[in-house]
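Report on one structure; see the data block that follows.
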Amino acid sequence: MRRIAPLAGVLALLLSAAAQAADPHLARNLAATCANCHGTDGRSAGGMAVLAGEPKDKLLASLTAFRSGDKPATIMHQISKGYTDEQLDLIAGYFAAIKPAGGAK
Amino acid sequence: MSQHTDFGRRGFIQGALGVSAMAALYGCAGAGKGKGHVVVVGGGFGGATVAKYISMWSNGGIKVTLVERNAAFVSCPISNLVLAGEKQLSDITIGYEGLAKYGIKVVQDEVVAVDADKRVVRLAKGGDLAYDRLVLSPGVDFMYDTLPGLNSAAAQQDILHAWKAGPQTVALRRQLEAMPDGGVYALTIPKAPYRCPPGPYERACMVAHYFKTKKPKSKVLVLDANDEIVSKKGLFTKVFNEQYKGIIEYRPQSELRDVDAKNRTAILEFDKVKADVLNVVPAQRAGDIAAKSGLKLVNGRWVEIDWLTMGSTSTPNIHVLGDAIFPAPTMPKSGHMANQHAKLAAAAIVNLQAGLPPSDAPLVMNTCYSFVDAKNVIHVASVHAYDPATKLVQPVKGAGGVSAAPNELEGQFGLAWAKNIWADMLT
Ligand SMILES: Cc1cc2nc3c(=O)[nH]c(=O)nc-3n(C[C@H](O)[C@H](O)[C@H](O)COP(=O)(O)OP(=O)(O)OC[C@H]3O[C@@H](n4cnc5c(N)ncnc54)[C@H](O)[C@@H]3O)c2cc1C
């Protein structure tokens, strides 16, 4: 715990900021909840839609259409309802910035 | 002094040498920003995922050692298809080589004790591993003490659980193959919570599918300790009554009291049921290493954790994932959920090792696909978000649900889910 002490001031600053700002990795963490099915960082291992490198607008449009029921789905209409607008926006932005090909690291 | 282990004094002096050797090896004696050494126990859905994601998200800054007793990962998901003869064990077995590219050191051994004060784990083959943080994802162990007739190695050789995939899966498949047509396969289900709520009903369907196509005079008898089908009730009820009419007989409120292993007989409160193949899924609790290392348990069975970090509520620097934890409301014990726990923990650990607070808004979600025959599948899904008021992840209202009916498209997604989650853990 001692090594955290010098950072206490920084922590206080971070904690007082908005939830999003408190964790710069929120988008990454939320996007990781999709990876079970869509592959690590959205690089599908096959049989599921590739999300990595897709344009943000397109991803966000899909997600919101799943959520509203406009886009038919087996499961995504149920899952997308679990995320807020801001969360879907962060997820779409994260995947759009990933290179679709290349190693996982 | 440690209350957590039975390490002897001498063992500890040797252990201390091992610790400094380890620290020198990893250059992590004093953990700095995003640094340190994490030991992960168990290379299943939770453990393999957390090892990979800590390495990946810390850019290799945090050294990770994964200790797994088995040589390869064998998946419980899809194992019911192996029982039905639709898949082979090799289809659900994956090695740990893929983790090497993340810099993860995989040690094939068993962790036999944890010293939380000294931050050291002891390995069965000898030697200790020092950690800055320890992650336990050991899955479940069975409460055989509740079934005296099954509480011996000999009885357990004949009456199988096949609730951990591997040799038991193959052995149960052999029993089913050897059973003459016209025989009875009986499956007992413990009271919830247990590993994989829909799993037993999927198994009943897949064995019934095998019988229907290969041994049409045979029967599946489901003896369920619960008051009703625990997961996807409407869908499974319909499949049992229509697709497998005359094959599956479902009996709720039929708790197993004991087993007469020699006679393959399930002993219930008011009844005895003799089967040709008796498959007992015993009651479960957190895997031994999590249950017996002094961590605070709920109901003496499951580890209590803090939902911002997956950290034990009683013991610093130890995080617990997967089936071993006391779950949040409506949260299933599933491989999918263990993988999500792992990412929550990885994000928290990477932050903590860099001196930053964990995210205050973690979110996890679940999907479980169940096969009702070789092609048709039904799902259940849910999303769970952290609620500061209760300090738990709570199901998000209005989200989640089940399939409308068994369908082939989800049959394809069920297999693709497995392929992707295995890759998300191991490659
Ligand atoms: C028939 C069946 C079907 C299922 N189907 C699905 C499904 O379709 N979808 C789904 O999401 N889930 C499914 N599950 C549930 C899923 O398998 C579990 O929820 C999941 O395995 C839990 O992950 P875990 O990391 O907690 O444990 P595990 O995956 O069991 O991993 C634990 C690992 O720890 C190792 N270990 C334990 N103790 C030690 C020790 N002391 N030292 C070293 N190694 C140790 C074990 O060898 C094991 O490899 C199914 C389960 C069954 C039985």
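Heavy atoms only: backbone and side chains are in, while hydrogens, waters and symmetry mates are out. A, B, ... follow the sequence lines: proteins, then strands. Residue 1 opens every chain.
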With respect to chain A, which residue among [options] yields the maximal number of heavy-atom pairs within a distance under 4.5 Å?
| options | answer |
| --- | --- |
| B:I421, B:V396, B:D424 | B:D424 |
| B:L415, B:V383, B:N407 | B:V383 |
| B:Y53, B:F413, B:W417 | B:F413 |

Would you mind checking which part of [X] comes under 4.5 Å of any heavy atom in chain A, side chain (CB onward), backbone (N, CA, C, O), both or neither?
| X | answer |
| --- | --- |
| B:A385 | neither |
| B:H379 | side chain |
| B:L409 | side chain |
| B:F45 | neither |
| B:W57 | both |

Counting only non-hydrogen atoms closer than 4.5 Å, does [X] touch chain B with its backbone (N, CA, C, O), its side chain (CB onward), both, or neither?
| X | result |
| --- | --- |
| A:H38 | backbone |
| A:L30 | side chain |
| A:R67 | neither |

Closest contact, heavy atoms only, B:S359 versus A:D23:
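Answer, listing the atom of B:S359 first, then A:D23: CB-OD2, 2.9 Å.
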Between B:A381 and A:Q78 the two heavy atoms that sit nearest each other are CB-OE1, 4.3 Å
With B:K343 as reference, evaluate A:N36, A:T33, A:N29 under the side-chain hydrogen bond (donor to acceptor under 3.5 Å, both in side chains) test and give the passing residue.
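By the side-chain hydrogen bond (donor to acceptor under 3.5 Å, both in side chains) criterion, B:K343 pairs with just one of A:N36, A:T33, A:N29: A:N36.
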Test side-chain hydrogen bond (donor to acceptor under 3.5 Å, both in side chains) applied to B:S334 - qualifying residues, sequence neighbours left out
B:N366
Say you draw a straight line from OG1 of A:T40 to NZ of B:K52; how long is it, rounded to the nearest 0.5 Å?
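Those atoms lie 2.5 Å apart.
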What's the spacing between A:I75 CD1 and B:Y369 OH if we round to 0.5 Å?
4.0 Å
Indicate yes or no for a side-chain donor-acceptor contact from B:N420 to the backbone of A:A45 under 3.5 Å, with no hydrogens or angles considered.
yes
Quick one: does B:Q412's side chain have a donor or acceptor within less than 3.5 Å of a partner on A:G47's backbone?
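Checked: no pair found.
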A:H25 side chain near B:N351 side chain, heavy-atom distance below 4.5 Å
yes
Given B:H336 and A:C37, is the side-chain contact (heavy atoms from CB on, under 4.5 Å) satisfied, shown in steps?
CA-CA 9 Å; B:H336 194 106; A:C37 295; 4.1 Å; yes
Name the member of A:A35, A:G39, A:S80 that forms the most heavy-atom pairs with chain B at distances under 4.5 Å.
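The option with the most such pairs is A:A35.
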